[in-house]
Amino acid sequence: MKLEDYLQPEFVIGDLAAESKADVLAELVAPIKQRWPEFDDTRARQVLLDRESLGTTGIGDAVAIPHGKMESLQQIVIVVGRSLKGVNFDALDLKPCRIFFLVLAPEHVAGLHLRILAHISRLLSDESFRRAFLGAEDDAALWRVLTAAA
């Protein structure tokens, strides 16, 4: 499984401006709406906030993996963001998050959705990957880090 199968260069945000959880989610959803104008970004934000209400997706080590399912999606979409200053995302370790992997999936692909989340979790558990991700100089370098990942 390769991230680039579900990720596109325009879905990589190297410097998130958001300063709150809700704003991070809105900023991560924005490129999907830009790419597909019919995409219901309001519904997506609500799905993500509903998921957050069940328990934070801020898993620690500066990482958050917000995710959810939407019946209107035709394919799995991943958006990656990096906050240079960090955002309080109610992470399990109580530290700000700087690395965000948003995963939205259609309702009917539960197994694949879980495999992608597991793949991302494994990738983000690698300290050298996190260091390369945070140290990338620009969006192009960040894309190279992401596509070089196994």
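Note: hydrogens, waters and symmetry copies are ignored here, and every other heavy atom, side chains too, is used.
- Residue pairs satisfying the side-chain hydrogen bond (donor to acceptor under 3.5 Å, both in side chains) criterion with at least one member in residues 83-107, sequence neighbours excluded, are listed as follows: K21-D90.
- R45 meets the salt bridge (Lys or Arg N to Asp or Glu O under 4.0 Å) test with D41; sequence neighbours excluded.
- Among all heavy-atom pairs drawn from P66 and L48, the shortest one is C-CD2, 4.1 Å.
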Worksheet item: Would V87 and L16 satisfy side chain to side chain contact (heavy atoms under 4.5 Å, CB included), going step by step from the backbone distance to the final call?
Response: CA-CA 9 Å; V87 176; L16 291 167; 6.0 Å; no
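- Applying the ring pair (Phe, Tyr, Trp, His ring centres under 6.0 Å) test to every pair with at least one member in residues 78-99, sequence neighbours left out, gives these pairs: F89-F100.
- Listed by first and then second residue, the side-chain hydrogen bond (donor to acceptor under 3.5 Å, both in side chains) pairs involving residues 22-34 are S20-D23 (not counting sequence neighbours).
- If you chain together hydrophobic residues whose side chains sit under 4.5 Å apart, L134 and L146 fall into the same group.
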Worksheet item: Under the side chain to side chain contact (heavy atoms under 4.5 Å, CB included) criterion, do Y6 and L112 qualify, and how do the steps go?
Response: CA-CA 11 Å; Y6 305 95; L112 180 57; 3.7 Å; yes
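- Each of L102, V145, L7 was scored for a side-chain contact (heavy atoms from CB on, under 4.5 Å) with V80, with one residue passing: L7.
- With sequence neighbours left out, I120 forms a side chain to side chain contact (heavy atoms under 4.5 Å, CB included) with L3, I65, I78, F101, V103, I116, L124.
- One hydrophobic cluster holds both L117 and F129 under the rule that ILVMFWY side chains link at heavy-atom gaps under 4.5 Å.
- Residues G58 and C97 come closest through the heavy atom pair CA-SG, 4.2 Å.
- Contact record, L73 with P106: O-CB, 3.3 Å, taken as the closest heavy-atom pair.
- The side chain to side chain donor-acceptor pair (under 3.5 Å) search around R122 returns none, not counting sequence neighbours.
- In this structure, CZ in F133 is found 9.5 Å from CG in L123, a value given to the nearest 0.5 Å.
- Within the structure, salt bridge (Lys or Arg N to Asp or Glu O under 4.0 Å) contacts touching residues 126-140 (residues at least two apart or in different chains) are E127-R131.
- Among residue pairs with one or both ends in residues 9-20, those qualifying as salt bridge (Lys or Arg N to Asp or Glu O under 4.0 Å) are E10-R35; sequence neighbours excluded.
- For residues 38-61, no residue pair satisfies the ring pair (Phe, Tyr, Trp, His ring centres under 6.0 Å) rule, not counting sequence neighbours.
- Judged as a side-chain hydrogen bond (donor to acceptor under 3.5 Å, both in side chains), the pairs with a partner in residues 60-82 (not counting sequence neighbours) are, in order, R51-H67.
- For F11, the ring pair (Phe, Tyr, Trp, His ring centres under 6.0 Å) partners two or more places apart in sequence, or in a different chain, are W36.
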Worksheet item: Going through the checks in order, is the side chain to side chain contact (heavy atoms under 4.5 Å, CB included) test met by V79 and L104?
Response: CA-CA 9 Å; V79 180; L104 287 172; over 6 Å; no
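- In the hydrophobic cluster analysis, where Ile, Leu, Val, Met, Phe, Trp and Tyr join through side-chain heavy atoms closer than 4.5 angstrom, L92 is grouped apart from V63.
- Here the shortest heavy-atom pairing between W143 and P9 reads CZ3-N, 3.5 Å.
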